[in-house]
Amino acid sequence: MHNIGYTRSSYQRTHLLQTPDTFVRTKLPGMSKTVAIIHAAPQIGAGFMQYTAEFETGGSLGSNAAQRFVFVLQGTLEFRQGASNHALEQGSYLHLPDNVEHTFVAHTDSRAVFIEKPYAGLPGVGLGMQIGGNIGDLTSRGLMGDEDLQVQLLLPEQPEYDYAVNIMTYQPGASLPMVEVHVMEHGLLMLEGEGIYRLGDSWYPVKAGDFIWMAPFCPQWFGALGKVPAKYLIYKDSARDPFARS
């Protein structure tokens, strides 16, 4: 039977829940044998762009002007920069400063998250260095002492970086200790598991594959449900005066 227009997706002034049944694929400049699912962009008031790129084997994506963060969800991407090549496998991530010439080429059918943001400079503070790794090599820490809610920091907490990307892992039944209301905005991709997200005055069931955008000051809370841990990748702008937001 046809779904008669039903979806869990919802777009409100302060938030977006985008579920896989509503994903629309498009081409972006610099893509070959690759398509993008755009999750967040300036059109909804976001100060960044986030999308999932789906590469066919041999597909590629060229550089852009903004700084870029990449997280490999599936497959293997070859990162080409000048004469050097480096393979990025599942769980690998990479931060690139703005205006760095590079290309990504897929060794196999691959998927990766891309986050792009104009850099907000600070007087006397240089650009953050190009940095990367794999989440399998990172340590984690309990959030506010809760060992059932682990956080992995993918970027250094230093003023050279004007945004942060973290992995948060909740054991079943774990939850945020408070409803958060803050000046930072978020882009969030559910990687594993399921749970309930409060966004504004609405409550949404969410699961792996869903994307959430949260505007500044949107009330937000998450609790993990089910029998396996819930895990998500989350972006936020950071380390800048609110007047410096692009």
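Keep in mind that what you see is a predicted model, and the values were worked out from it rather than measured. We count residues from 1, following the sequence as given.
In this view, Phe79 and His102, Phe104 satisfy the ring pair (Phe, Tyr, Trp, His ring centres under 6.0 Å) rule, not counting sequence neighbours. Not counting sequence neighbours, the partners of Glu54 by the salt bridge (charged side-chain N to carboxylate O under 4.0 Å, His left out) test are Arg25. Residues satisfying the side chain to side chain contact (heavy atoms under 4.5 Å, CB included) criterion with Thr22, sequence neighbours excluded, are Thr7, Ser9, Gln18, Thr19. Judged as a ring pair (Phe, Tyr, Trp, His ring centres under 6.0 Å), and not counting sequence neighbours, the contacts of Tyr163 are His95, Tyr235. By the ring pair (Phe, Tyr, Trp, His ring centres under 6.0 Å) test, Phe23 is found to be paired with His39, residues two or more places apart in sequence or in another chain being considered. Among residues two or more places apart in sequence or in another chain, the ring pair (Phe, Tyr, Trp, His ring centres under 6.0 Å) test is passed with His15 by Tyr204. Evaluation of the salt bridge (charged side-chain N to carboxylate O under 4.0 Å, His left out) rule for Asp201 yields Arg198 as partners, not counting sequence neighbours. Take Glu160 and apply the salt bridge (charged side-chain N to carboxylate O under 4.0 Å, His left out) test, not counting sequence neighbours, and it matches no residue.
Met184 and Ile212 are members of different hydrophobic clusters when ILVMFWY side chains are connected at heavy-atom separations under 4.5 Å. A continuous path of hydrophobic side-chain contacts links Tyr93 to Ile115 [ILVMFWY only; heavy atoms under 4.5 Å]. Under a hydrophobic-cluster definition in which Ile, Leu, Val, Met, Phe, Trp and Tyr are linked whenever side-chain heavy atoms come within less than 4.5 Å, directly or via other members, Tyr197 and Tyr11 are assigned to different clusters. The hydrophobic cluster containing Val113 does not contain Val151, counting ILVMFWY residues as joined when their side-chain heavy atoms lie under 4.5 angstrom apart, directly or transitively. Cluster membership check: Phe211 shares its hydrophobic cluster with Leu73, using side-chain heavy-atom separations under 4.5 Å among Ile, Leu, Val, Met, Phe, Trp and Tyr.
Contact between Val183 and Pro242 at its shortest, heavy atoms only, is CG2-CG, 4.2 Å. Looking at every heavy atom in both residues, Ile196 comes nearest to Trp203 through CG2-CE3, 3.7 Å. Taking every heavy atom of both residues into account, Gly209 and Pro20 meet most closely at O-CG, 3.6 Å. Listed here is the closest heavy atom pair of Gln81 and Val100: NE2-CG1, 3.0 Å. Here the closest non-hydrogen pair linking Pro177 and Met144 is CG-SD, 3.5 Å. Taking every heavy atom of both residues into account, Glu185 and Ala46 meet most closely at OE1-CA, 3.5 Å.
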request  = Show your reasoning for whether side chain to side chain contact (heavy atoms under 4.5 Å, CB included) applies to Asp109 and Phe55.
outcome  = CA-CA 6 Å; Asp109 290 358; Phe55 297 79; over 6 Å; no

Determine, step by step, whether Gln152 and Ser140 satisfy the side-chain hydrogen bond (donor to acceptor under 3.5 Å, both in side chains) criterion, reporting the C-alpha distance in whole Å, the side-chain angles of both residues, the deciding distance to 0.1 Å, and the verdict.
CA-CA 5 Å; Gln152 292 173 294; Ser140 64; 5.6 Å; no

#### Entry: Trace of the side chain to side chain contact (heavy atoms under 4.5 Å, CB included) decision for Val24 with Ile38
CA-CA 8 Å; Val24 175; Ile38 299 176; over 6 Å; no

Can you list the steps and then say if Gln12 with Leu199 is a side chain to side chain contact (heavy atoms under 4.5 Å, CB included)? CA-CA 9 Å; Gln12 306 297 327; Leu199 301 169; over 6 Å; no

(Q) side chain to side chain contact (heavy atoms under 4.5 Å, CB included) for Tyr161 and Gln67? Distances and angles first, verdict last. (A) CA-CA 10 Å; Tyr161 300 89; Gln67 60 184 334; 5.9 Å; no

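In this structure, the separation between OG1 on Thr139 and CZ on Arg141 is 8.5 Å, given to the nearest 0.5 Å. With rounding to the nearest 0.5 Å, the separation of CZ in Phe48 from NE2 in His186 is 9.5 Å. One finds the CE atom of Met49 at 5.5 Å from the CG atom of Leu28 (value rounded to the nearest 0.5 Å). Annotation: the span from Leu138 atom CG to Gln150 atom CD amounts to 12.5 Å, rounded to 0.5 Å. Distance CE/Met129 to CG/Leu155: 12.5 Å, rounded to 0.5 Å. Note that CD1 of Ile234 is 10.5 Å distant from CD1 of Ile167, once rounded to the nearest 0.5 Å.
Counting heavy atoms from C-beta outward, Leu154 and Leu233 have side chains that approach closer than 4.5 Å. For the pair Leu94/Leu88, a side-chain contact is recorded, criterion being any heavy-atom separation below 4.5 Å from C-beta on. Within the 4.5 Å cutoff, the side chain of Phe71 has no heavy atoms near those of the Val165 side chain. Taking the side chain as every heavy atom from C-beta outward, Met214 and Thr14 never approach each other to under 4.5 Å. No side-chain heavy atom of His107 sits under 4.5 Å from any side-chain heavy atom of Thr57. Contact check for Leu127 versus Asp98: side-chain heavy atoms found under the 4.5 Å cut-off. A 4.5 Å side-chain heavy-atom check between Leu149 and Thr169 finds every atom pair outside the cut-off. Between Val72 and Ser110, every side-chain heavy-atom pair lies at or beyond the 4.5 Å cut-off.
Atom CD of Gln158 sits in a crowded spot, with more than 12 heavy atoms from other residues, nucleotides or ligands closer than 6.0 Å. Residue Lys33 qualifies as enclosed at atom NZ: its count of foreign heavy atoms under 6.0 Å is above 12.
Within the structure, every pair that satisfies the salt bridge (charged side-chain N to carboxylate O under 4.0 Å, His left out) test and touches residues 62-76, not counting sequence neighbours, is listed here: Arg68-Glu116. Every pair passing salt bridge (charged side-chain N to carboxylate O under 4.0 Å, His left out) that includes a residue from residues 69-81 is listed here, sequence neighbours excluded: Glu78-Arg80. Every pair passing side chain to side chain donor-acceptor pair (under 3.5 Å) that includes a residue from residues 82-92 is listed here, sequence neighbours excluded: Ser92-Asn134.
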Which pairs would a plain distance check flag for residues 221-232, meaning a side-chain donor or acceptor within less than 3.5 Å of a matching protein atom at least two apart in sequence or in another chain?
from	atom 1	to	atom 2	distance (Å)
Trp221	NE1	Leu176	O	3.0
Tyr232	OH	Tyr170	OH	2.6

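Counting only N and O atoms by type, the side chains of Gln171 and Glu147 include no donor and acceptor under 3.5 Å apart.
Put simply, the side chain of Asn166 never gets that close to the backbone of Met168: no donor and acceptor are under 3.5 Å apart. Side-chain atoms of Arg111 do not come within 3.5 Å of backbone N or O of Ala53 as any donor-acceptor pair. Judged by distance alone, the side chain of Asp146 and the main-chain N or O of Leu143 form no donor-acceptor pair under 3.5 Å. Counting only distance, with no hydrogens or angles, the side chain of Thr34 and the backbone of Ser32 share a donor-acceptor pair below 3.5 Å.
Of the charged side-chain nitrogens involved, at least one lies within less than 4.0 Å of a carboxylate oxygen, so that Lys117 and Asp162 count as a salt-bridged pair.
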